[in-house]
**Q** 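Here it is, the structure, as structure tokens.
Each chain gets a letter, A, B and so on, in the order its sequence line appears, and its residues count up from 1.
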2 protein chains.
Amino acid sequence: MPATLESTLVSAPLPSVRRLPRYLVFLKECRNLGRVVVSCTHIAEYLALDPTLVRKDLALTGIVGKPRIGYPVDELIASIETFLGWNNTSDAFLVGVGHLGKALLGFREFEARGLRIVAAFDADPARVGTSVHGREVLPMEKLANLVERMHIHIGIITVPRDAAQQVADALVKAGIRAIWNFTITSLHVPEGIVVENADLTPSLAALSSRLKAALETAEERRMLV
Amino acid sequence: MPATLESTLVSAPLPSVRRLPRYLVFLKECRNLGRVVVSCTHIAEYLALDPTLVRKDLALTGIVGKPRIGYPVDELIASIETFLGWNNTSDAFLVGVGHLGKALLGFREFEARGLRIVAAFDADPARVGTSVHGREVLPMEKLANLVERMHIHIGIITVPRDAAQQVADALVKAGIRAIWNFTITSLHVPEGIVVENADLTPSLAALSSRLKAALETAEERRMLV
DNA sequence: TAGATTGTTAATCGATTAACAATC
DNA sequence: TAGATTGTTAATCGATTAACAATC
């Protein structure tokens with residue numbers, strides 16, 4: 001296989017990609033305050049990161065800074081947003097209109113971040129036909145046909161975890177290319193299909209673990225005094 | 001400073017901690033199927049991970065396996081749940097009763113994972129006094145007093161991002177020790193206060209980046225044929 | 001100019017993977 | 001016993017941090 005193919009198999013380093021949206025918050029604040037240029041030093045200080053790390057992250061997006069000056073704020077914002085694809089919107093389907101599914105359908109911010117949830121599906125006949133934040137809930141039977149007809153690439157799974165694999169199978173069979181999985185279930189999908197897990201449980205586990213360590217440290221410190 | 005203090009400053013490796021809940025899903029499936037023992041090989045295969053990685057993660061929880069046999073399923077489940085603190089529940093306050101805040105208040109699963117959201121607060125007078133999933137929404141003025149009286153350690157922030165820092169300040173001042181931050185805002189808190197970020201935007205950015213790479217790879221592969 | 005900042009190369013660090021002896 | 005699996009030590013890998021020349 002030629003090297004060019006191999007080279008595109010990997011996306012940009014994911015830790016870097018995940019930091020980019022946080023830079024944008026700070027940069028837009030700078031813009032609001034009328035700042036014209038900003039340095040990695042300032043960004044890094046605000047986000048409690050290493051300046052070199054920020055510099056490498058920004059370089060990923062293709063921007064070139066000026067030594068001693070920094071980066072033009074407007075240009076940097078545009079560069080990051082283009083890199084993240086926040087300019088051209090992707091359409092997505094959502095499956096499972098429970099508490100979380102409804103909340104996601106209500107997030108207007110997604111559209112400014114390149115994601116438009118254009119349809120919602122549910123297996124529960126009682127939910128089908130109802131309207132959630134202006135979108136009618138459709139029956140699962142319509143999923144496959146609509147994915148193909150509307151060239152949908154992204155499926156969002158917000159069903160109970162026991163149903164997640166089954167829904168993933170249906171989405172993949174219908175031709176979806178990426179799944180945003182809000183269940184803790186580890187999905188099995190064919191090679192080449194992207195699964196991004198967004199279930200909250202791992203984050204909660206990390207929170208508990210860190211809190212426990214912090215409380216123990218504080219307790220020990222107290223005992224030493 | 002003595003070495004013992006230093007040693008407790010760090011929690012367990014967070015990547016490991018984040019994987020533990022996913023092991024539990026598989027283990028409980030095993031239990032339901034009547035399996036008595038399970039090996040790292042099986043867990044790793046199911047979750048598409050390296051067996052050694054799984055073994056080290058499990059060792060973190062203190063369990064000891066039997067060569068050639070594996071681990072007793074029941075014991076392993078108990079070991080992980082104890083390690084994660086899913087047995088003894090922590091009380092938490094939630095601030096910001098919008099779409100997401102309401103959805104979180106509706107998640108009954110949190111209680112089985114050691115988190116009980118005991119009260120909700122909002123700055124909007126129109127929301128104060130209403131009831132969400134059986135909990136009355138309280139005014140921000142009551143926050144500080146109740147945190148202290150109820151010995152609350154965890155604050156959940158689900159307000160609009162512009163209000164996040166202000167809410168974090170109020171929580172910290174009231175004596176909270178850990179913040180589960182559902183906004184993209186990078187919070188500034190005193191040393192020793194834990195901030196776990198759970199905003200969806202970084203995950204969405206990773207999804208987009210990976211999808212883009214996957215589509216490009218597929219396209220290149222198509223061109224080569 | 002002087003010096004803050006960029007871009008880049010090298011060193012470090014931590015997590016993952018490989019290797020292998022011990023063992024039920 | 002034979003061999004699958006554990007626990008552990010060593011090697012690898014990737015991300016972060018340090019060092020430093022180039023430069024506006």
**Q** Ion pair present between B/Glu81 and B/Lys28, side-chain N to carboxylate O less than 4.0 angstrom?
**A**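 Salt bridge: yes.
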**Q** Could you please name the option among C/dA18, D/dC24, C/dA15 that lies closest to any side-chain atom of A/Arg68?
**A**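 When the side chain of A/Arg68 is considered, D/dC24 is the closest of C/dA18, D/dC24, C/dA15.
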**Q** Could you pull out the closest heavy-atom pair between A/Val54 and A/Cys40, with the gap in Å?
**A**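 For A/Val54 versus A/Cys40, the nearest heavy atoms are CG1-SG, 4.1 Å.
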**Q** Starting at atom CD1 of B/Ile69, determine the distance to atom C1' of D/dG3, rounded to an integer number of angstrom.
**A**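 Checked: the CD1 to C1' distance equals 12 Å.
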**Q** Name the residue closer to the 5' end of DNA chain D, choosing between A/Leu53 and A/Lys66 according to the nucleotide with the nearest heavy atom.
**A**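 Mapping each residue to its closest nucleotide by heavy atoms, the 5'-most match is A/Leu53.
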**Q** On the nucleotide C/dT16, are OP1 or OP2 found under 4.0 Å from the side-chain N or O atoms that B/Arg19 carries?
**A**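 The answer is yes; a side-chain N or O of B/Arg19 sits under 4.0 Å from OP1 or OP2.
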**Q** Is a donor from one side chain sitting under 3.5 angstrom from an acceptor on the other, for B/Ser186 and A/Arg22?
**A**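 Judged by distance alone, the side chains do pair up.
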**Q** Report the nucleotide, chosen from C/dA18, D/dT5, D/dC24, that has the shortest atom-to-atom distance to any side-chain atom of B/Pro67.
**A**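 So the side chain of B/Pro67 is nearest to D/dT5.
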**Q** Please give, in whole Å, the distance from C/dT5 C1' to A/Ile43 CD1?
**A**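 About 12 Å, once rounded to whole Å.
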**Q** Return the nucleotide paired to C/dG14: Watson-Crick means purine N1 to pyrimidine N3 with N6-O4 or O6-N4, wobble means G-U with N1-O2 and O6-N3, both under 3.5 Å.
**A**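 When the pairing criteria are applied, D/dC13 turns out to be the nucleotide that pairs with C/dG14.
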**Q** Tell me the interatomic distance from A/Leu14, atom CG, to C/dT16, atom P, rounded to whole angstroms.
**A**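 Going from A/Leu14 (CG) to C/dT16 (P), I get 14 Å.
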**Q** What does C/dG3 pair with, Watson-Crick or G-U, if both distances are under 3.5 Å?
**A**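 Base partner found: D/dC24.
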**Q** Taking atom CD of A/Glu148 as the centre, report whether more than 12 heavy atoms of other residues, nucleotides or ligands fall under 6.0 Å from it.
**A**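 No - once you tally the heavy atoms of other residues, nucleotides and ligands closer than 6.0 Å, there are 12 at most.
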**Q** Is there a Watson-Crick or G-U wobble partner for D/dT8 with both distances under 3.5 Å, and if so, which one is it?
**A**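 When the pairing criteria are applied, C/dA19 turns out to be the nucleotide that pairs with D/dT8.
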**Q** Report yes if at least one side-chain N or O of B/Tyr71 is closer than 4.0 Å to OP1 or OP2 of D/dG7; otherwise report no.
**A**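 Answer yes for this pair, as a side-chain N or O of B/Tyr71 is under 4.0 Å from OP1 or OP2.
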**Q** Report the distance from atom CG of B/Asp50 to atom C1' of C/dA18, rounded to the nearest whole Å.
**A**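 Computing the B/Asp50:CG to C/dA18:C1' distance gives 8 Å.
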**Q** Of all the choices, D/dT9, D/dT5, D/dA15, which nucleotide is nearest to the side chain of B/Lys56 once you look at every atom?
**A**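 For the B/Lys56 side chain, the nearest candidate turns out to be D/dT9.
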**Q** Take atom CG of B/Leu20 and atom P of C/dA15, then tell me their distance rounded to the nearest Å.
**A**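 My rounded result for the distance is 14 Å.
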**Q** Given atom CZ of B/Arg55 and atom P of C/dT16, what is their separation to the nearest angstrom?
**A**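 Going from B/Arg55 (CZ) to C/dT16 (P), I get 15 Å.
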**Q** Among D/dT6, C/dA4, D/dA10, which nucleotide has an atom closest to any side-chain atom of B/Thr41?
**A**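 Closest of the options to the side chain of B/Thr41: D/dT6.
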**Q** If I take atom CG in residue B/Leu47 and atom P in nucleotide C/dT17, what distance separates them, rounded to the nearest angstrom?
**A**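 Computing the B/Leu47:CG to C/dT17:P distance gives 13 Å.
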**Q** With the side chain of B/Thr52 defined as its heavy atoms from C-beta on, choose the nearest nucleotide among D/dT6, D/dT16, D/dT8.
**A**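 For the B/Thr52 side chain, the nearest candidate turns out to be D/dT8.
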**Q** Can a side-chain donor-acceptor contact be found between A/Asp199 and A/Thr183 if the only test is distance below 3.5 angstrom?
**A**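 Judged by distance alone, the side chains do not pair up.
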**Q** If you check every side-chain atom of A/Pro15, which of D/dA15, D/dT23, D/dG3 has the closest atom?
**A**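 Of D/dA15, D/dT23, D/dG3, D/dA15 is nearest to the side chain of A/Pro15.
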**Q** Pick the closest DNA chain D nucleotide for A/Pro13 and for B/Gly65 by heavy atoms, then say which residue is nearer the 5' end.
**A**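 So the residue in question is B/Gly65.
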